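Just so it is clear, the model here is predicted, and its values are computed rather than measured.
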Amino acid sequence: MMNEKDRIYREKFMRFAIRMVNLKKYLNETQHEFNMADQIQRSGTAIGAIHRETTFAESNLDFIHKLALAQKECNETLYWLELLHETKYLSDEQFEDLYKEAEEIMRMLTASIMSTRKRMSK
């Protein structure tokens, strides 16, 4: 059975993944931008997929490793958001909203890693 924290994380990461799929559609259909759209969809949806793998982590170290991979994907997503904004494919408003959410996800992942390491050291 899934605990409340895991449920909240899953829902948050799924909503973000949906936003990344919709962002790709927007970039393809209205901006005619395809390469960066593919990249951000891949990294932005990978966060939740990798986090889902933690359900079957074989150990605390495996759990941390999977979360660290999700962090890397989140960091890459932040990069693509910055690049899309700097190249004027995203408005200030679009960028700020998506970037804020990605940063929140990064904080969630980091907090999970830190709390797991803390539990392991006891």
Side-chain angles (χ1 to χ4, degrees):
M1 183 157 169
M2 189 182 337
N3 66 35
E4 184 65 12
K5 180 180 169 186
D6 288 337
R7 186 190 62 73
I8 290 168
Y9 278 39
R10 277 189 181 193
E11 288 175 8
K12 176 80 170 168
F13 300 159
M14 179 61 75
R15 283 192 311 270
F16 188 73
I18 290 166
R19 291 188 78 187
M20 294 298 100
V21 170
N22 290 330
L23 177 59
K24 179 184 176 179
K25 287 180 194 175
Y26 164 78
L27 291 168
N28 287 174
E29 294 169 6
T30 66
Q31 301 290 343
H32 306 289
E33 178 8 78
F34 302 97
N35 184 45
M36 288 187 287
D38 289 343
Q39 293 290 338
I40 199 163
Q41 179 180 298
R42 187 201 51 75
S43 65
T45 58
I47 299 164
I50 294 169
H51 180 265
R52 186 69 66 99
E53 291 178 20
T54 65
T55 304
F56 296 102
E58 296 174 9
S59 66
N60 283 332
L61 288 176
D62 187 39
F63 180 80
I64 289 170
H65 176 72
K66 287 176 180 5
L67 289 178
L69 292 174
Q71 272 184 318
K72 289 178 182 182
E73 294 295 337
C74 189
N75 192 48
E76 182 180 336
T77 301
L78 290 165
Y79 169 81
W80 291 118
L81 287 170
E82 291 168 9
L83 185 57
L84 286 164
H85 181 247
E86 291 296 321
T87 55
K88 307 297 185 217
Y89 285 106
L90 291 179
S91 69
D92 291 345
E93 184 179 319
Q94 290 169 314
F95 169 74
E96 289 167 14
D97 184 49
L98 290 167
Y99 202 85
K100 179 181 174 185
E101 188 169 359
E103 285 184 315
E104 182 181 346
I105 288 170
M106 183 66 84
R107 286 190 298 274
M108 294 166 76
L109 293 167
T110 300
S112 289
I113 290 170
M114 292 174 67
S115 65
T116 303
R117 284 183 177 152
K118 188 175 183 179
R119 279 195 313 273
M120 287 174 60
S121 68
K122 290 182 179 182

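Looking only at distances, a side-chain donor or acceptor of S115 sits under 3.5 Å from a matching main-chain atom of S112.
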R19 vs D97, side-chain contact (heavy atoms from CB on, under 4.5 Å): CA-CA, chis, key distance, verdict: CA-CA 11 Å; R19 291 188 78 187; D97 184 49; 2.3 Å; yes
* **CA sep, side-chain torsions, deciding dist, call: M20, L98, side-chain contact (heavy atoms from CB on, under 4.5 Å)** => CA-CA 9 Å; M20 294 298 100; L98 290 167; 3.7 Å; yes
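For the residue pair A102 and F16, the shortest heavy atom distance occurs at CB-CZ, 3.9 Å. Across all non-hydrogen atoms, the minimal contact from N3 to D6 is OD1-N, 2.7 Å. Contact detail for A68 and I113: the closest heavy-atom pair is N-CD1, 3.8 Å. Annotation for S121 and K118: closest pair OG-O, 2.8 Å, computed over non-hydrogen atoms. Of all non-hydrogen atoms in Q41 and V21, the two that sit nearest each other are OE1-CA, 3.8 Å. Taking all atoms of both residues into account, the shortest heavy-atom contact from A70 to I50 is N-CG2, 3.8 Å.
The pair E104-K12 meets the salt-bridge criterion, since a charged nitrogen lies less than 4.0 angstrom from a carboxylate oxygen.
With contacts defined as side-chain heavy-atom distances shorter than 4.5 Å, the pair T87/Q31 does not qualify. E33 is listed as a side-chain neighbour of N35, based on a closest heavy-atom distance under 4.5 Å. At a threshold of 4.5 Å between non-hydrogen side-chain atoms, the residues I40 and K24 do not count as touching. N22 is listed as a side-chain neighbour of K25, based on a closest heavy-atom distance under 4.5 Å.
Rounded to the nearest 0.5 angstrom, E86 CD and L84 CG are separated by 10.5 Å. Remark: L23 CG to L81 CG distance equals 7.0 Å, nearest 0.5 Å. Taken from CZ in F63 to NE2 in H51, the straight-line distance is 6.0 Å, to the nearest 0.5 Å. Residue L27 holds its CG atom at 12.5 Å from CD of Q39, rounded to the nearest 0.5 Å.
For the salt bridge (charged side-chain N to carboxylate O under 4.0 Å, His left out) condition, the pairs that include at least one residue of residues 57-72, sequence neighbours left out, are D62-K66. Listed by first and then second residue, the ring pair (Phe, Tyr, Trp, His ring centres under 6.0 Å) pairs that reach into residues 66-90 are H85-F95, sequence neighbours excluded.
Under the 4.5 Å side-chain heavy-atom criterion for ILVMFWY residues, no single connected hydrophobic cluster contains both L69 and F13. Placement of I105 and M114 in two distinct hydrophobic clusters is found when ILVMFWY residues are connected by side-chain heavy-atom separations under 4.5 Å, directly or transitively.
Summarising the local packing, CE of M14 is surrounded by 12 or fewer heavy atoms from other residues, nucleotides or ligands at distances under 6.0 Å.
Among the candidates N75, T77, D38, the single residue satisfying the side chain to side chain donor-acceptor pair (under 3.5 Å) test with S43 is T77.
Looking only at atom types and distance, the side chain of R119 has a donor-acceptor partner in the side chain of T116 under 3.5 Å away.
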